Amino acid sequence: MHCVKKVTEDLVWVGANDRRLAMFEGVYSVPKGVSYNAYLLLDEKTVLFDTVDKAVRHRFLENVKEALGERRLDYLVVQHMEPDHSAVLEELIARHPGVKLVGNAKTLAFIEQFFDFAPDALVVQENDVLDTGKHKLHFLMAPMVHWPEVMVTYDSTDKILFSADAFGCFGALNGALFADEVDFARDYMGEARRYYANIVGKYGSQVQALLKKASSVQIDMICPLHGFVWRSRLGDFISKYALWSEYLPEESGVMIAYASVYGNTENAAELLAYRLREKGVQAVMYDVSVTPVSEIIAEAFRWSHLVFASTTYNAGIFVAMEDLLSDLAAHNIQNRTVAIVENGSWAATSGGLIRKKLEGCKNITFLEQTLSLKSSLKAGQLAELDAIVNAIAAPFARESAETAQSGGAIDTQAMFKLSYGLFVLTAKDGEKDSGCIINTATQITEKPLRISIAVNKANFTHDMIIKTGAFNLSILTESAPFRIFKQFGFQSGRENDKFAESAYTARANNGLRYVPEHTNAMLSGKVVQSMDYSTHTVFIAEIAEALTLSKEPSTTYQYYFEHIKPKPQPPKDDKKGFVCKICGYVYEGETLPEDFICPLCKHGAADFERM
Ligand code: FEO
């Protein structure tokens, strides 16, 4: 029986899920299954985007038939020729005579290699456009994301990016189609990271080239070939891609991968982890004989420091560790600090060999402190183990100390201005400044002086902080005029320069702007930890500078509503609609969709009231 799902008014998902596959591409375990996505556009012309793996051929063909109804299939866009998306090409074309295949020159070369038929084809190049009636499909080449023939398609009518392998994720869809129907951050981000690191991780510069192309157009929806469709909070995922493709760690901390035949190397690795934790450094551990390589590779993409501890085996590196290191190097791991522990009962050689394996990778810093065990760790070697721990922990401690020093004066009185108030949060990425309004900031500890802020992921400022780890928080006072809230809260920094018409030029010692008027304090934060909470990221930051700016009382959320925000005006004529209680935006209509998000302040339907 067919199983299709509507994506938009005229776009239907006609893909299928496979939960029986043990090894994706013969290498990657997929315990949560995998989806093969295909999409059918029902415009004046009908267009199918890709086919599926042979394992789900039957369901896919049923789905296409159902979604097409009595209509004929006009175009088949082939974005990627890897057989998990092209296995059913020949049969699909045989079932739909007259269909024109749309691909680039390399697509056709691969069709010739994989099949023994020559399709009727429309060969496209960069920026070619296919007009299907209402929709205009723009083809953008994305070579090596993940194969050389890969291209993506941008539907400029509905602002949809059909992204091929990019933005994919392992995991069957389980009745959902959109990322916002599940707790993606909790349940799927790990699989998305594992998919990225293992499938396209090697091709970071090519992914960046695609991100650059994508950033020049407005994208409201991303339809990948695996995993969920993104129709909201696209920045959540795009910001991860920005980090991953630059091989920048997501988190400060240590991943320890160890190979231990009889538990002695494991014992040293475990002691290392315990001592790192004692110094406040996060650590995770994986036994390479147990945890699949693809999971450890994903974790290596996640953490800033990597420790490899391996026994010597057949005069070399233990086999599972050797596989991991070869795979890590093949996936282009970069920008990491690496520490090595070796073990060998009579001739320990694994340490030097581990180093050799990773020496060709870019920007890998090997700690000079190493530990060489003879069978097991002895009390006399604890100092060597501690030397590794201290070398790893030193930058974390230094970062804290530098944060405290680098900023400027710390006026502790400034901390007393915090309330459940309203704040202008500012950040900077390259030459671009931006800012937004937030209402959640609180002091957590005094020594070190740390605060937490919660920032909606839809904000451009959020993405800047994810990337740079720095922000300023200006604490608004009761004198703040509504224009400040409009300036920072009711437009997007992605499309607008929020400081363009502003007289504010003040910058803190960290070089970031702050708001010097209608504020009573400014805090410069350096992010030490970030936590993903679905719609928001909570940043924990160390205060590098704190200034008291005035004696005016901080505004509270309540004060803002009662005294600053203009009162909603009665509707003119007898218009029906809903007004946003936060910013006053008016939605005209009889009913407000449950999932409506205010285009100005990004608050949901719960914050609207009937006019
Ligand atoms: Fe899902 Fe590169 O194919």
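Counting starts at 1 for both ligands and their atoms, following the listed order. None of the values given here were measured: they were computed from a predicted structure.
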Derivation of the salt bridge (Lys or Arg N to Asp or Glu O under 4.0 Å) call for Glu299 and Arg302
CA-CA 5 Å; Glu299 286 294 87; Arg302 181 179 182 184; 3.3 Å; yes
Q: Would you check, one step at a time, whether the test salt bridge (Lys or Arg N to Asp or Glu O under 4.0 Å) holds for Lys134 with Asp10?
A: CA-CA 10 Å; Lys134 184 179 137 200; Asp10 47 14; 3.2 Å; yes
N, O or S of His146 under 2.8 Å from atom 1 (Fe) of ligand 1:
no
Restricting Glu82 to its N/O/S atoms, the closest one to atom 2 (Fe) of ligand 1 is OE1
*Asp84 N/O/S atom closer than 2.8 Å to atom 1 (Fe) of ligand 1*: yes
- [ ] Evaluate the salt bridge (Lys or Arg N to Asp or Glu O under 4.0 Å) criterion for residues Arg194 and Glu191: first the C-alpha distance (whole Å), next the side-chain angles of each, then the deciding distance (0.1 Å), finally the verdict.
- [x] CA-CA 5 Å; Arg194 191 164 70 91; Glu191 285 297 82; 2.9 Å; yes
Of all the N, O or S atoms in Asp165, the one nearest to atom 2 (Fe) of ligand 1 is OD2
*Cationic tip of Lys240 above Phe301 ring, under 6.0 Å, 45° of axis*: no
- Query: Donor-acceptor pair, Asp50 side chain versus Gln79 backbone, under 3.5 Å?
  - Reply: yes
Checklist entry - Mind checking whether atom 1 (Fe) of ligand 1 has an N, O or S of His80 under 2.8 Å? => result no
